[in-house]
Amino acid sequence: MINRQCPHLPERSGRITGPACSRLVAHLAEILAVGEALEHALALLEGGDVVAIPTETVYGLAGDATNGVAVARIFEAKGRPRFNPLIAHVADRAMADRIAVFDPLSAKLAEAFWPGPLTLVLPHRADSGIHPLATAGLDTIALRMPRGFGGELIARLGRPLAAPSANSSGRISGTTAGAVAADLGDRIKLVVDGGATPVGLESTIVKVEHGELRLLRPGGIGAEEIEAVAGAKLLRGASGIEAPGMLASHYAPGAAMRLNVDKIAGGEALLAFGGKRAAGWEQAIALRNLSEAGDLREAASNLFAFMQALDRVGAATIAVEPIPFEGLGEAINDRLARAAAPRDKIG
Ligand code: TXA
Ligand code: MG
């Protein structure tokens, strides 16, 4: 429950805005707009500190991937139970080539989708300079080239940034600076505010294995788009390593989630999709529609913020209308299934 005027405070703290809010939260993260944050963010990263930054997918909790202390601070701030491998974010292909070895198919995908919401898992060069804590000692590495502020920041730093989604372990990924500040604000110094992230879901992760392309995590680029460029089907299923985004329960709101509902029970909050409502929708204590028009891109961009908004209403259960599986619908259904999974598996 956050206060809209002052995201560091609980909802019912009254009207505390602007300077009063900044004074109150002086010990918490500063929130700076992208236009004025670059130098401050650089100084923190140079010093081995972490910074929350906007990317086109979700906000990332970024640290210098070559600095073990910085990487350790990422895990500490997120409260991750284990040291899971992180994505290394690069500014350009040259930086990517110094870190990993590209096969022709991965190169083709990078050419088509970078910068953008695609992460490639590739063989890791031994002399890449990436700290082993960031790769969990694996001989592969996940690489991504983000659009916008992140890319600019990495180019200026001249080193890759390790950046998992900017949320405490087990919580929903932050898609606004306010959500990030409310979750991590007492543990980090700076949140760079780039507004709501346009894609709203984490990147799609793929890996070329024995000449075949495997989908490790559905995400911000639909599988069909990748298949069209690759000229091959994406394989699904067992991926070798257990990724935290792959744990059954990873995107967990406080409320229970009931998926694919065709009938709403009294007292439930409703996460709707499209123009046609499930039976009994009038009984819902709160309603958000991911996309009135049935547009899966719009739905993806609204997903996390709407789940959080409905959670804040305090309903015991969030009922979710069916979402089609095509395009970004695969990733949306994946995140919903994880949010609905038993909580004892939180990662
Ligand atoms: O959109 C995104 O990808 C966001 C933004 C901030 O870039 N980042 C993100 O990072 O979602 P994170 O750490 O929450 O998820 C990264 C995923 C994890 O599931 C991790 O296990 C997996 O990538 N991963 C990292 N290295 C891997 C590797 N070598 N092989 C397989 N999976 C790997
Ligand atoms: Mg995450």
Side-chain angles (χ1 to χ4, degrees), residues 1-4 7 10-12 57-59 165-176 178-180 182-183 196-197 199-202 217-220 244-325 328-347:
M1 301 231 188
I2 62 163
N3 183 305
R4 277 181 191 285
E11 198 164 45
R12 287 180 230 292
T57 56
V58 297
Y59 277 73
S165 49
N167 53 274
S168 313
S169 186
R171 302 276 280 272
I172 292 171
S173 302
T175 56
T176 63
V180 174
D183 184 356
T197 58
V199 176
L201 288 175
E202 299 85 349
R217 177 177 76 180
M246 302 311 219
L247 289 180
S249 174
H250 185 59
Y251 302 90
M257 304 280 294
R258 203 162 66 81
L259 307 185
N260 291 312
V261 301
D262 52 13
K263 196 167 183 313
I264 310 306
E268 288 183 325
L270 175 59
L271 188 59
F273 176 80
K276 201 169 149 282
R277 289 294 60 76
W281 67 272
E282 304 89 341
Q283 301 189 59
I285 61 166
L287 186 155
R288 291 287 172 113
N289 195 331
L290 290 169
S291 172
E292 206 57 66
D295 176 347
L296 288 164
R297 250 174 231 281
E298 185 187 12
S301 72
N302 286 328
L303 181 67
F304 292 148
F306 285 8
M307 269 165 59
Q308 282 171 327
L310 291 179
D311 205 22
R312 285 200 291 270
V313 171
T317 304
I318 299 174
V320 188
E321 290 180 355
I323 315 280
F325 270 83
L328 294 194
E330 181 174 4
I332 295 171
N333 277 294
D334 171 81
R335 303 305 188 271
L336 286 169
R338 289 174 205 290
R343 301 303 155 80
D344 56 347
K345 291 188 187 153
I346 283 179

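Atoms considered below: every heavy atom in the structure, side chains included; atoms not considered: hydrogens, waters and symmetry mates.
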Candidate list N167, D183, V180, test side chain to side chain contact (heavy atoms under 4.5 Å, CB included), partner Y59, passing option: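 That would be V180.
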
How long is the gap from [atom1] on [X] to [atom2] on [Y], to the nearest 0.5 Å?
X    : Y    : atom1 : atom2 : result
I264 : E282 : CD1   : CD    : 9.5 Å
N333 : L296 : CG    : CG    : 9.0 Å
F306 : I172 : CZ    : CD1   : 12.5 Å
N260 : E321 : CG    : CD    : 10.5 Å
Q308 : I318 : CD    : CD1   : 10.0 Å
L303 : R335 : CG    : CZ    : 8.5 Å

Contact check, side chains of [X] and [Y], non-hydrogen atoms, under 4.5 Å:
X    : Y    : value
N289 : R277 : yes
L201 : D334 : no
S291 : N302 : no
L270 : Q283 : no

Distance-minimising heavy-atom pair for [X] and [Y]:
X    : Y    : result
A339 : M257 : O-CG, 3.5 Å
A315 : I285 : CB-CD1, 3.6 Å
P324 : F273 : CD-CE2, 3.5 Å

Check: T317 side chain, A256 main-chain N or O, donor-acceptor pair, under 3.5 Å: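 It does not hold such a pair.
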
Salt bridge (charged side-chain N to carboxylate O under 4.0 Å, His left out): pairs with one or both residues in residues 255-272, sequence neighbours excluded: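 Checked against salt bridge (charged side-chain N to carboxylate O under 4.0 Å, His left out) - neighbours excluded - the pairs reaching residues 255-272 are R258-E268.
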
